[in-house]
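What follows is a single structure, written as structure tokens, with notes after it.
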Amino acid sequence: MAAADKPVRRVTIVGGGTAGWMTAAVLSQWLSKVEITLVESEEIGTVGVGEATIPHIRNFFALAGVDILQMMAATKATFKLGIQFVDWGAPGEKYIHGFGKIGRDMLWLHPHQLWLAARERAPDQVKHFDHYSLNCVASLRNKFAFPDTRNPNLPLADIDYAFHFDASLLARFLRTESEARGVKRVEGRIVHVIKNGENGYVEKVVLTDGREVEGDLFVDCSGMRGLLIGDAMGIGYESWSRWLLCDRAQAVPCESVEPVTPYTRSTARRAGWQWRIPLQHRIGNGYVYASGLISDDEVAGSLLAGLDGAAQADPRPVKFAPGRRLESWHKNVVAIGLSSGFLEPLESTSIHLIQTGVHRLLAMFPAENFAEADVAEYNRQARTEYEDVRDFIIAHYKVTRRSGDPFWDHVREMDVPDTLNERFDLFRSSGRFFKRSAQELFAEESWVQVLLGQGFEARADPVTEFVPIDDITGFLKDVEEVIDEAAGRMMDHGEFVRRLPTSTEAATAQLKAEAASPQVSFSLRYEGFGAS
């Protein structure tokens, strides 16, 4: 093997926090012969009032070799079955974007297509769409259980979940894991970046005290500043502020209250929205807003007035610019986390985009010659991923009947990307949705719940006209009843978390067995529909 074809041996991660230590944890787990150094400064703080995730985070912990129960104990984590949206479609309305499967199909017809048909032909015999998802029903009852895949016909086999955790505690936990695997942490603030005069590659970073840290590959986890990818390499930033108006957030933790809900809550406000994330030891709260349409003081007052418990700190404002870096990988610098791009906290995609950036880097880990084809493919995938997530978030704002506030009047009437309009047109015509690639993050179930939950007007699939309405309503009623009974057998979420063991795979297996209650199978009376 030629020297240029050998994998790089020295990786320097610039910046700690969630992005830096997630990167270090995965690379140190799989690249044992690579020297990994992480440079961070305690002078530069991080926001850690609570973080919400999506189910893919479990893949990250598996890839990083992390014991989930140890992580939960260390980060004061709770479970997350979905997100409740309050007042988004219109004031007074609620719905849940639940993880996991919705009901079950009738042949090739999906539950939402049957629901749309029933709403048109027998509206008095159909309930709110939340009733046909176990994750949604369990959320509303504050229940939780691990999936039980022993019988795929039972609704508990399809339950899916993520976590709420304290982001600063997660970084600390992953730091301990990474350092145990040989990652070297360097304390210090970077004041200068030295590049090779011939090829423009970064050779070393210089700290305030004059120390120099070298590397072959540099991972920029420096946050929104983009110390390497932006300042040093000059890679520009594509703004998406014409669609995503929110550019600032204030966050504050408050005391915990009962019940400990297994979902994130997002409540629409006058110039943005407010989040609520329940942890074991506190509740994380924040207000995301368009700073040109509301003052910081009004946001702080509204946020503090809407807490469930006593505030544990003063609101802390954070500025951000929605958009993405034009290139996430340039020469020998890879941007991961906020340095690569940021949309906003809605739908909990920030940590996921860190995760996929790390996974993509591992899958395309470079040789010393940094092949242009690998870099181009990395950037193509990153761009596509950001754009897919962007469209999903924009849909939350566009599909609304709120009026009277400049913020909501603007987003309701704004032009949206063609890629999003194409999805709207297809769903409007027949309730149909198709993922455009296997890598696309949000599945049909996610889009369906958001669009229907916010009042998007869609026609039923024309094939449903061939199905007798009594069969459709009977099928939906059967699904609803089985899910209702399954949720009733689940444990209170707060109690479930309190009973969790603190480690070991054996304890996890035991807990799954104990948590799995006998369930009532879906009725099979419609299994052979259309066979005659």
Side-chain angles (χ1 to χ4, degrees), residues 6-46 48 51 57 59-68 70-71 73-75 165-190 193 202-209 211-223 227-229 328-329 332-340 351 353-368 370 503:
K6 294 181 179 179
V8 300
R9 295 292 184 176
R10 297 178 301 172
V11 174
T12 298
I13 302 170
V14 173
T18 307
W21 288 112
M22 284 179 67
T23 303
V26 168
L27 297 188
S28 62
Q29 172 73 358
W30 293 98
L31 306 177
S32 58
K33 295 182 180 181
V34 175
E35 177 186 313
I36 301 172
T37 303
L38 186 146
V39 183
E40 67 176 337
S41 172
E42 294 180 356
E43 297 177 24
I44 304 174
T46 59
E51 285 282 1
I57 191 67
N59 297 331
F60 165 79
F61 289 128
L63 192 65
V66 169
D67 184 320
I68 291 295
Q70 286 183 348
M71 180 279 297
T75 65
F165 48 59
D166 186 310
S168 60
L169 293 180
L170 177 69
R172 188 183 307 171
F173 173 76
L174 294 177
R175 172 184 170 180
T176 300
E177 295 282 310
S178 300
E179 289 182 320
R181 299 170 188 161
V183 173
K184 178 183 177 183
R185 178 187 179 275
V186 175
E187 166 63 31
R189 185 166 60 87
I190 296 171
V193 179
V202 173
E203 292 185 337
K204 62 184 72 174
V205 293
V206 182
L207 310 183
T208 52
D209 59 6
R211 284 177 296 159
E212 299 179 345
V213 182
E214 299 179 341
D216 303 316
L217 169 68
F218 287 81
V219 183
D220 187 347
C221 298
S222 64
L227 178 64
L228 299 184
I229 196 73
S328 294
W329 187 339
N332 67 331
V333 173
V334 178
I336 289 180
L338 302 182
S339 59
S340 179
I351 284 181
L353 291 170
I354 295 171
Q355 172 184 339
T356 53
V358 176
H359 188 224
R360 192 178 299 119
L361 175 58
L362 186 64
M364 302 181 194
F365 195 74
E368 292 177 352
F370 288 89
S503 64

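Only this structure's heavy atoms are used, side chains among them; waters, hydrogens and symmetry mates stay out.
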Shortest non-hydrogen contact from F218 toward V202: CE1-O, 3.3 Å
Minimal non-hydrogen separation, G15 against E40, with atom names: C-CB, 4.3 Å
Check: V8 and N332 side chains under 4.5 Å, non-hydrogen atoms: no
Counterpart residues, side chain to side chain contact (heavy atoms under 4.5 Å, CB included), relative to Q29 (two or more places apart): R181
Note, V213 side chain near I190 side chain (heavy atom, < 4.5 Å): no
Gap between atom OG1 of T75 and atom CG of D166 - 0.5 Å precision: 7.5 Å
Heavy-atom closest pair, residues M71 and F61: CE-CE1, 3.6 Å
pair L353-S340: side-chain heavy atoms closer than 4.5 Å: no
Audit row: H359, V26, side-chain contact (heavy atoms from CB on, under 4.5 Å) steps and yes/no: CA-CA 8 Å; H359 188 224; V26 168; over 6 Å; no
Minimum-distance pair of heavy atoms, taken over all atoms of S339 and I229: O-CG2, 3.7 Å
Sequence-distant partners of K184, salt bridge (Lys or Arg N to Asp or Glu O under 4.0 Å), two or more places apart: none
Residues that S28 engages under side chain to side chain donor-acceptor pair (under 3.5 Å), provided they are two or more places apart: none
Main-chain N/O of L228 paired with D220 side-chain donor or acceptor, under 3.5 Å: yes
Side chain to side chain contact (heavy atoms under 4.5 Å, CB included) involving A171 - partner list, sequence neighbours excluded: W21
L207 vs V186 side-chain heavy atoms within contact, under 4.5 Å: yes
Shortest non-hydrogen contact from L227 toward S222: N-OG, 2.8 Å
From CA spacing to verdict: side-chain contact (heavy atoms from CB on, under 4.5 Å), L361, L217: CA-CA 11 Å; L361 175 58; L217 169 68; 4.1 Å; yes
Sub-4.5 Å side-chain heavy-atom contact between S41 and E187: yes
All salt bridge (Lys or Arg N to Asp or Glu O under 4.0 Å) counterparts of E203, not counting sequence neighbours: none
R10: partners by side chain to side chain donor-acceptor pair (under 3.5 Å), with sequence neighbours left out: E214, D216
Pairwise side-chain contact, F173 with L169, heavy-atom cut-off 4.5 Å (strictly under): no
Distance (rounded to the nearest 0.5 Å) between T23 OG1 and I336 CD1: 4.0 Å
From CG (L174) to OG1 (T18), nearest 0.5 Å: 8.0 Å
Residue pair G16 / L38: nearest heavy atoms and the distance that separates them: CA-CD2, 3.9 Å
L31 CG to K33 NZ distance, which is reported to the nearest 0.5 Å: 11.5 Å
Separation between CZ of R189 and CD of E42, rounded to the nearest 0.5 Å: 13.5 Å
Heavy-atom side-chain contact between L63 and L362 under 4.5 Å: yes
Steps toward side-chain contact (heavy atoms from CB on, under 4.5 Å) verdict (I351, F60): CA-CA 10 Å; I351 284 181; F60 165 79; over 6 Å; no
